[in-house]
There are 2 protein chains.
Amino acid sequence: MLPEPYDLLPTTARQSHTIAAGDVLFRQGARTLGLYVLITGRVHLERVGPNGERLIIHRATSGTSFAEASVFSERYHCDAIVMDAGELVRIDKSAVLAAFANPDFARAYGRHAAQQVQAHRQIMGIVGIRRAEDRVMAGIVAGLLDGTVVDFAARLQLTHEATYRALRALVEAGRVTNPSRGTYRLA
Amino acid sequence: MLPEPYDLLPTTARQSHTIAAGDVLFRQGARTLGLYVLITGRVHLERVGPNGERLIIHRATSGTSFAEASVFSERYHCDAIVMDAGELVRIDKSAVLAAFANPDFARAYGRHAAQQVQAHRQIMGIVGIRRAEDRVMAGIVAGLLDGTVVDFAARLQLTHEATYRALRALVEAGRVTNPSRGTYRLA
DNA sequence: GGCAGCATATGATTGAAATCATATTCCAGA
DNA sequence: TCTGGAATATGATTTCAATCATATGCTGCC
């Protein structure tokens, strides 16, 4: 099933596609068709600077949507390139725009978007903390350590080595417990 | 005037307030009244962790809104504390929820939120670049160097010293020009 | 006009995270 | 059951951004 709020859209608005590494979903400047929900695989959004510099705007991961802003725009403003094969759903721009007439969808969309903005702001604040130990502690307090430590480290923009070391230091300082290999909790 | 999309709401939904440093707008766990648009001044959103750790979730600046997600929530999930005196507008939660029945508002809200998410994702990607020189270059390509270098440095989560040095290195490498003191452009 | 404060700018030193290396455990799949 | 890959974990070394320091230009304000 699709993640909120796109599950509220009529099935006619969706198109499933299998994707292979190297596929180009769209190019900067192309007319927008809609947004995408990545089911499995990996997709990079890249923008090419005026002098040919490639800048990765976003790395889409399983279960997340991307190119949401294309719904409100005539042209894509970046390239979407498949890194790992998988599956995705394209959601019609016009269907989304029409769905805003449905207050239930509109509110679900609003809630989802507001929460995402909130989450981003929080992570940005945490990533701004310089000391690895403080950053990791803040990440734990914020509840960001749900999956693997490797994922956690990536979210904190730290190497996993630095993250493991910080976790160890926090455990030794008694601020965090390490009940079992790979699991850490607030003391 | 209020920033989009809140300018579309009836004036009865707004309440202007002057705020003084140290004021508490709301506390974690308090019933939600609505979101805020900061006109002038500075406000910090902080969350207190289970063991009393204070974590700054967000630093709101002039002209931006905060606590948007409170519209969809019964309780505030962080504290809002005024750092510098100023002025703000509180926007009624119920008015926003009701306004989602208006497709124009809903779409404006959606567009605004989608663009914000996009912008956040881009900055997060850039901040993830380790080398200061590459990070600064990416920031310039992304068009983030519009105001002062000090602001630019803060957005990149770099010290301004490191940013100046990186700019200088980029100028020396011929990738960036420095037409006048304090202004930098892509070569 | 003079002073305070800030942005710009750069040099020297330090410290902490990245990098490189290696070992073990765990899990999925052939 | 064996095997390969990923996560966990930690040690050694290096690099590079933070920090500390200092100077100058610019602006607003009293």
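Basis for what follows: all heavy atoms, side chains included, without hydrogens, waters or symmetry-related copies. Here is the naming used below: chain letters follow the sequence lines, and residue numbers restart at 1 for every chain.
Ion pairing of B:R168 with B:E133 is absent here, as no side-chain N (NZ or NE/NH1/NH2) approaches a carboxylate O to less than 4.0 Å. The pair A:R121-B:E68 meets the salt-bridge criterion, with a side-chain N (NZ, NE, NH1 or NH2) lying under 4.0 Å from an Asp/Glu carboxylate O. Using a cut-off of 4.0 Å between Lys/Arg side-chain N and Asp/Glu carboxylate O, B:D146 and B:R155 are scored as salt-bridged. Using a 4.0 Å cut-off between charged side-chain N and carboxylate O, B:R27 and B:E46 make no salt bridge.
Using bins of under 30°, 30° to 60° and over 60° for the plane-to-plane angle, the ring pair B:F66/B:F26 lands in the tilted bin.
The phosphate of C:dA9 has OP1 or OP2 within less than 4.0 Å of a side-chain N or O from B:Y184.
For A:L156 and C:dA17, the CG to P distance is 12 Å, given to the nearest whole Å. Separating the CZ atom of A:R165 from the C1' atom of C:dT19 is a distance of 9 Å, rounded to the nearest angstrom. Rounded to an integer number of Å, the gap from CD of B:E172 to C1' of C:dA9 is 13 Å. In this structure, the CZ atom of B:F152 is 16 Å from the C1' atom of C:dA9, given to the nearest Å. Atom CD of B:E161 is separated from atom P of C:dT8 by 12 Å (rounded to the nearest Å). The separation between A:L167 atom CG and C:dA17 atom P is 13 Å, rounded to whole Å.
With 3.5 Å as the limit, one finds a donor-acceptor pair spanning the side chains of B:S180 and B:T183.
Place B:R168 and A:A132 on DNA chain C by their nearest nucleotides, and B:R168 ends up nearer the 5' end. Sequence order on DNA chain D of the closest nucleotides to B:T163 and A:G182 puts A:G182 first from the 5' end.
Here CD1 of B:I129 is found 8.0 Å from CZ of B:R135. Values are rounded to the nearest 0.5 Å.
Taken residue by residue, residues 142-149 of chain B places no heavy atom nearer than 4.0 Å to DNA chain D.
Ring centroids of A:F105 and B:F100 are separated by 6.0 Å or more, keeping the two rings apart.
For B:R75, the CZ atom counts as densely surrounded, since its 6.0 Å shell holds more than 12 non-hydrogen atoms of other residues, nucleotides or ligands.
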Just do the side chain to side chain contact (heavy atoms under 4.5 Å, CB included) check on B:F152 and B:T148 with the steps written out, would you?
CA-CA 6 Å; B:F152 179 59; B:T148 71; over 6 Å; no
Sequence-aligned protein contact record of nucleotides 23-30 of chain C, with B where the base is within under 4.0 Å of a protein heavy atom and S where only the sugar-phosphate is:
-BB-----
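When side chains are defined from C-beta on, B:H58 does not count as touching B:H44, because their heavy atoms never get closer than 4.5 Å.
At the heavy-atom level, A:R130 lies under 4.0 Å from the strands shown only through sugar-phosphate atoms.
Note that the first and last nucleotides of DNA chain D, 5' to 3', having any atom under 4.0 angstrom from a heavy atom of chain B are D:dA17 to D:dG25.
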